Amino acid sequence: MEINVVTVRIIMKKFPEKEKRTSKKKPVQEKSAEATFFDAVYAVVRQVPRGRVTTYGAVAEATGLRMSARMVGWALSVCSRAKPKVPAHRVVNRMGILSGRHHFATPTLMQELLEQEGVKVEDDTVVDFKQLYWEPS
DNA sequence: AATTTGACTTACT
DNA sequence: TAGTAAGCCAAAT
C-alpha cells in the first residue's frame, strides 16, 4: 500500500478519538491514539529513500502536526515498538545534525547506518545535507 | 496533581 | 549575528 500525505492525514483524523481494540489481552499503555500517531510518523519516515535524509520538522508537517517537530522525535525515541523497522537514522534536525544519535544502541550507530547508505557524516553532521534532503510528499 | 523535559523549529530581540 | 522565547504535547518525575 502506498502511503502518502493524504493517507497520513486521514490516519491523523483518528488521533483524538479513542480506539477500541478487539483484543483485550494487551494491556499495553497504547491507550489510544499514540498507535496511530506513531504509525503516521513511521509511515512517513519509512518513505525516506536509502541514502537520503529528512528532518523532524518535515515529518511533522507531513503528518499534519506542523509545528510539533518535538513529537516526531518523541515518536522515534520509542520506535523500538514499531513492527516494521523504521529508518530513524535518516531523520536529522534541520541543520543536518544527527541530534538523535544518542538514542541508538551505540552513539555511533546512527552515523554508521548512514554511511552504509553512502551518506557522509562529519562532526555529527550530514555532508551535503541540502542535496540529500528529501521532502516527504 | 503539578512541573519539567525533550531525537525541534520558528520568530523575535 | 547570536541568544531567548514560545509553541508543540505526551512522559517522566
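Quick caveat: nothing in here was measured; it's all calculated off a predicted structure. Reminder, nothing fancy here: chain letters follow the sequence lines and each chain counts from 1.
- The side chain to side chain donor-acceptor pair (under 3.5 Å) pairs that include a residue from residues 90-99 of chain A are A/R90-A/E117, where partners are two or more places apart or lie in different chains.
- Between A/L132 and A/G51, the shortest heavy-atom distance links the atoms CD2-O, 3.6 Å.
- Tested against A/V41, the residues A/V44, A/V45, A/D39 include a single side chain to side chain contact (heavy atoms under 4.5 Å, CB included) partner, A/V45.
- Sorted by first and then second residue, the ring-ring contact (aromatic ring centres under 6.0 Å, His included) pairs with a member in residues 96-127 of chain A form an empty list; sequence neighbours excluded.
- In the hydrophobic clustering of this structure, A/L113 groups with A/V92; members are Ile, Leu, Val, Met, Phe, Trp, Tyr whose side-chain heavy atoms approach within less than 4.5 Å, directly or through other members.
- The structure places CD of A/Q111 at 7.5 Å from OG1 of A/T108, a figure rounded to the nearest 0.5 Å.
- Extent of DNA chain B lying under 4.0 Å from chain A heavy atoms, first and last nucleotide in 5' to 3' order, is B/dG6 to B/dT10.
- DNA chain B is contacted by no residue of residues 123-131 of chain A, taking any non-hydrogen atom closer than 4.0 Å.
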Letter per nucleotide, 5' to 3', of nucleotides 2-8 of chain C [B base touched, S only sugar-phosphate touched, - untouched; heavy atoms, 4.0 Å]
-----BB
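- Interatomic distance, A/E61 CD to A/S68 OG, rounded to the nearest 0.5 Å: 11.5 Å.
- For the P atom pair drawn from C/dA5 and B/dT4, the interatomic distance equals 15 Å after rounding to whole Å.
- Nearest heavy atom pair, residue A/V91 against residue A/T55, reads CG1-C, 3.9 Å.
- Looking at residues 108-121 of chain A, you'll see that no heavy atom sits under 4.0 Å from any atom of DNA chain B.
- A/A88 comes within 4.0 angstrom of a nucleotide base, judged by non-hydrogen atoms across all strands.
- In this structure, A/E135 has no salt bridge (charged side-chain N to carboxylate O under 4.0 Å, His left out) partners at least two apart in sequence or on a different chain.
- Side-chain N/O atoms of A/E112 and A/Q116 include no donor and acceptor closer than 3.5 Å.
- Partners of A/R101 according to the salt bridge (charged side-chain N to carboxylate O under 4.0 Å, His left out) rule, which considers only residues two or more places apart in sequence or in another chain, are A/D124.
- For residues 117-137 of chain A, the set of pairs meeting the ring-ring contact (aromatic ring centres under 6.0 Å, His included) definition, not counting sequence neighbours, comprises A/F129-A/Y133.
- Applying the salt bridge (charged side-chain N to carboxylate O under 4.0 Å, His left out) test to every pair with at least one member in residues 43-59 of chain A, sequence neighbours left out, gives no pairs at all.
- Under the rule for a ring-ring contact (aromatic ring centres under 6.0 Å, His included), A/Y56 has no partner lying at least two apart in sequence or in another chain.
- Proximity of a side-chain donor or acceptor of A/T106 to a complementary backbone N or O of A/L109 within less than 3.5 Å is detected.
- Spacing between C/dA2 and B/dA7 at atom C1', rounded to whole Å, works out to 24 Å.
- Taken residue by residue, residues 90-99 of chain A places heavy atoms nearer than 4.0 Å to DNA chain B at A/N93, A/R94, A/S99.
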